[in-house]
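Here's the structure we're looking at; comments come further down.
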Amino acid sequence: MRNLASCGIAHSIGIEKVCKKNINKTMTKKYFIYLIIIASIVLMIYNISELDFDNLKKGPFAGIVSNILLILTMLVTMRDIKKKEQENK
């Protein structure tokens, strides 16, 4: 709430750098999360392509599971960031 108040004061007196720093941090976090999700999807596709369907015991299941967990974690993190943005408005 304090950030929101400082943004309101900053806009009223014409100083917008206070708000842009918070917006830039949030956008940077979002882009970084999207980058991680895309990289995880690419690695998961690679791990699935490396599966040997004749002998599934040799498969890279740990890599596939870790990619799925990473994607889910990033989606939850993105949801939390959006909730914080909604609360600050």
Side-chain angles (χ1 to χ4, degrees):
M1 289 301 277
R2 196 170 92 186
N3 289 338
L4 182 62
S6 64
C7 286
I9 293 169
H11 283 293
S12 66
I13 60 174
I15 303 171
E16 296 179 357
K17 290 183 181 180
V18 175
C19 296
K20 287 185 180 182
K21 286 183 182 179
N22 292 335
I23 292 170
N24 287 339
K25 284 182 184 179
T26 304
M27 293 306 291
T28 304
K29 286 180 185 179
K30 285 183 180 180
Y31 290 136
F32 186 67
I33 290 172
Y34 287 133
L35 178 70
I36 291 174
I37 290 173
I38 291 169
S40 296
I41 290 171
V42 169
L43 289 173
M44 186 170 55
I45 290 170
Y46 173 74
N47 282 332
I48 291 172
S49 70
E50 291 292 315
L51 277 176
D52 183 13
F53 290 103
D54 294 331
N55 189 5
L56 287 176
K57 291 183 180 179
K58 294 180 0 180
F61 294 113
I64 295 170
V65 171
S66 66
N67 287 328
I68 291 171
L69 290 175
L70 183 62
I71 291 169
L72 291 175
T73 304
M74 290 297 114
L75 292 175
V76 169
T77 304
M78 181 65 75
R79 187 184 68 179
D80 290 341
I81 289 173
K82 287 182 181 180
K83 279 185 181 179
K84 286 181 183 178
E85 283 180 354
Q86 294 281 330
E87 290 174 0
N88 287 336
K89 286 185 177 181

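Hydrogens, waters and symmetry mates play no part in the numbers below; they use all other heavy atoms, side chains included. In this chain, numbering begins with 1 at the start of the sequence shown.
- Here the shortest heavy-atom pairing between Leu70 and Ser40 reads CD2-OG, 3.0 Å.
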Subject >> Trace of the side chain to side chain contact (heavy atoms under 4.5 Å, CB included) decision for Phe61 with Leu51 >> reply: CA-CA 9 Å; Phe61 294 113; Leu51 277 176; 4.0 Å; yes

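- Side-chain heavy atoms closer than 4.5 Å link hydrophobic residues (I, L, V, M, F, W, Y) into clusters, and following such links, possibly through other members, connects Met74 to Leu72.
- A 6.0 Å sphere centred on CZ of Phe32 holds no more than 12 heavy atoms belonging to other residues, nucleotides or ligands.
- Across all their heavy atoms, Ile37 and Leu75 have their closest contact at CD1-CD2, 3.9 Å.
- A single hydrophobic cluster is not seen to contain both Phe53 and Tyr46; linkage of ILVMFWY side chains at heavy-atom distances under 4.5 Å, directly or through other members, places them apart.
- Atom NZ of Lys29 sits about 6.5 Å away from atom NZ of Lys84, to the nearest 0.5 Å.
- Cluster annotation: Leu35 is not connected to Ile38 through the hydrophobic network of ILVMFWY side chains, with a link wherever side-chain heavy atoms come within less than 4.5 Å.
- Under the 4.5 Å side-chain heavy-atom criterion for Ile, Leu, Val, Met, Phe, Trp and Tyr, Ile68 and Ile33 are members of the same hydrophobic cluster.
- Taking CD1 of Ile45 as the start and CG of Asn67 as the end, the distance is 10.0 Å to the nearest 0.5 Å.
- Hydrophobic clustering (ILVMFWY, side-chain heavy atoms < 4.5 Å, transitive): Ile41 and Met78 are in one cluster.
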